[in-house]
Amino acid sequence: MSERTNSKVCVIGLGSMGFGVASSLLKKGFETSGYDISAETMTRFLADGGRAAASPAEAADGADVVITVVVNGAQTEAVLFGENGAATRMSKGGTVLSFATMPPQTAEDLARRAGDLGLNYIDGPISGGAKRAASGELTVMASGRPEAFNHARPVLNAIAMKVYELGDRPGIGSSFKIVNQLLAGVHIAAACEAITFAKALGLDIDRVYEVITASAGNSWMFENRVPHILQGDYSPQSAVDIFTKDLGIVSDLGRGLKFPLPITSTALQMFIMTAAAGMGRDDDASVARLIAKVTGIELPGGPEDA
């Protein structure tokens, strides 16, 4: 596929990240079809100039590149190879860009099945959040055969600021993403613990945010997630359930390798407790709400939200 934008691209999964990916493609002039289970989301996508489809297969009909932005490996398998799956309707020699976080072995298995159908497969988990997805500035941690990258490069350039080509074997990209998610989950849990601890000390937590983001204790997650807490807004940008899944994958891999992960395990339990408290679909900064409930601290938004 050349740098021209006259090739067909399909995005399956138009959540906060997937919708941003699709929007970036439309802005860059790609003919873009999409599918999501949410009728409201499909209406938005249609209004933005996309072609809405009734199934993954219909969305992928004749597509040169199919991008899957779903939750996990099982959903990726379903939208590609299940009933009304996309893989059999793609253009022959097309490329699947798989963006979900999954175990490396799952990525290898999906790549093999795509290859059996004459398709390229890039194991390319993404990072950057919904805002960067919408601005075409994602980070892609990708692995796959060189010909897959050559074919999909115009699409990758349209949606990402950084594309790391990490090897020619699917599964490597997923391994890199798992390391990222270990750090991301731990940093979110730590940020929530720190800001609620500051509240327990009687500090002005807006002022704490200002000081910490200019100090050595800052992290990208502290800077990005604590404003959700300060605003009392837990609308899901990235949900708690995402990290119960991703840190669960980390934990499973560590167990298989007999590699100890004590800090990850603690963070995972914090996310699991938050989900068990009914906040699984809320923003992952809701870990702070769990801590607040346990300790009797009132966070912005009122006691009913804390």
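If you're wondering where the values come from, they're calculated on a predicted model, not measured in any experiment.
Connection of V287 to I272 is established within a shared hydrophobic cluster, with ILVMFWY side chains joined at heavy-atom distances below 4.5 Å, either directly or through further cluster members. Residues L257 and V179 fall into different hydrophobic clusters, defined by Ile, Leu, Val, Met, Phe, Trp and Tyr side chains chained together at heavy-atom separations under 4.5 Å. L156 and F30 fall within a single hydrophobic cluster, where Ile, Leu, Val, Met, Phe, Trp and Tyr are joined by side-chain heavy atoms under 4.5 Å apart, directly or via other members. Under the 4.5 Å side-chain heavy-atom criterion for Ile, Leu, Val, Met, Phe, Trp and Tyr, V79 and M17 are members of distinct hydrophobic clusters. I67 and L110 fall into different hydrophobic clusters, defined by Ile, Leu, Val, Met, Phe, Trp and Tyr side-chain heavy atoms under 4.5 Å apart, directly or through other members.
Two residues are said to be in side-chain contact when any heavy atoms from C-beta on lie closer than 4.5 Å; T213 and V226 fail this criterion. Between H151 and V65 there is a side-chain heavy-atom pair separated by less than 4.5 Å. For the pair E223/Y209, a side-chain contact is recorded, criterion being any heavy-atom separation below 4.5 Å from C-beta on. Using a 4.5 Å heavy-atom threshold, the side chains of T139 and N180 count as separate. Put simply, the side chain of M141 reaches to within 4.5 Å of the side chain of S127, judged on heavy atoms. Between Y35 and V11 the shortest side-chain heavy-atom distance does not fall below 4.5 Å. Contact annotation: the side chain of I242 never approaches that of P236 to less than 4.5 Å [non-hydrogen atoms, C-beta and beyond]. In this structure, R225 and W220 have side chains that are in contact, with non-hydrogen atoms separated by less than 4.5 Å.
A distance of 5.0 Å separates CE in M279 from OG1 in T274, rounded to the nearest 0.5 Å. Interatomic distance, T68 OG1 to F99 CZ, rounded to the nearest 0.5 Å: 8.0 Å. The OG atom of S24 sits 13.0 Å away from the CZ atom of R132 when rounded to the nearest 0.5 Å. Taking CD1 from I172 and CG from L166, the interatomic distance works out to 7.5 Å, rounded to the nearest 0.5 Å. Remark: Q269 CD to L247 CG distance equals 10.5 Å, nearest 0.5 Å. For the atom pair CG (L182) and CG (L268), the distance works out to 10.5 Å, reported to the nearest 0.5 Å.
S135 places a side-chain N or O within 3.5 Å of a backbone atom of K131 that can act as its donor or acceptor partner. Side-chain N or O atoms of T244 include one that pairs as donor or acceptor with a backbone N or O of D241 at under 3.5 Å. Side-chain atoms of K27 never come within 3.5 Å of backbone atoms of G136 as a donor-acceptor pair (strictly under, hydrogens ignored). In this structure, S143 contributes its side chain and R169 its backbone to a donor-acceptor pair below 3.5 Å. Here the side chain of K177 pairs no donor or acceptor atom with the backbone of P125 at under 3.5 angstrom. The backbone N or O of R289 lies less than 3.5 Å from no partner atom in the side chain of S286, so there is not a single donor-acceptor pair. A distance-only check finds a donor-acceptor pair linking the side chain of T266 to the backbone of P262 [under 3.5 Å].
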Could you check T101 against I178 for side chain to side chain contact (heavy atoms under 4.5 Å, CB included), going step by step and ending with a plain yes or no? CA-CA 7 Å; T101 302; I178 289 302; 3.8 Å; yes
Please lay out, stage by stage, how I291 and I297 fare under the test side chain to side chain contact (heavy atoms under 4.5 Å, CB included). CA-CA 8 Å; I291 298 170; I297 291 170; 5.6 Å; no
Carefully, step by step, assess V66 and I12 under the rule side chain to side chain contact (heavy atoms under 4.5 Å, CB included). CA-CA 7 Å; V66 168; I12 301 173; 3.9 Å; yes
Decide side chain to side chain contact (heavy atoms under 4.5 Å, CB included) for R153 and E165; before the verdict, give the C-alpha distance in whole Å, the side-chain angles of both, and the deciding distance to 0.1 Å. CA-CA 11 Å; R153 199 172 309 283; E165 298 182 24; 2.6 Å; yes
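The two atoms that bring Q75 and N72 nearest to each other are N-OD1, 2.8 Å, heavy atoms only. Considering all non-hydrogen atoms of both residues, S91 and D64 come closest at OG-OD1, 3.8 Å. Across every non-hydrogen atom of G18 and L14, the tightest pair is O-CD2, 3.8 Å. Contact between P56 and A86 at its shortest, heavy atoms only, is O-CB, 3.8 Å. Minimum heavy-atom separation, L26 to G50: CD1-N, 3.8 Å. Considering every non-hydrogen atom in both A100 and T76, the closest pair reads CB-OG1, 3.6 Å.
The aromatic rings of F19 and F45 sit perpendicular to each other, their planes meeting at more than 60°, with 30° as the lower class boundary.
Of the N and O atoms on the side chains of D283 and H228, at least one donor lies less than 3.5 Å from an acceptor on the other residue. Side-chain N/O atoms of H187 and S219 include no donor and acceptor closer than 3.5 Å.
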Solution key, residues 188-204 side-chain donor-acceptor pairs under 3.5 Å, sequence neighbours excluded:
{"from": "T196", "atom 1": "OG1", "to": "C192", "atom 2": "O", "distance (Å)": "2.7"}
{"from": "T196", "atom 1": "OG1", "to": "E193", "atom 2": "O", "distance (Å)": "3.0"}
{"from": "D204", "atom 1": "OD1", "to": "D206", "atom 2": "N", "distance (Å)": "3.0"}
{"from": "D204", "atom 1": "OD1", "to": "R207", "atom 2": "N", "distance (Å)": "3.3"}

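A salt bridge is absent between D116 and R113: the closest approach of a Lys/Arg side-chain nitrogen to an acidic carboxylate oxygen does not fall below 4.0 angstrom.
Heavy-atom contacts from other residues, nucleotides or ligands closer than 6.0 Å to CZ of F176 number 12 or fewer. Summarising the local packing, CZ of F81 is surrounded by more than 12 heavy atoms from other residues, nucleotides or ligands at distances under 6.0 Å.
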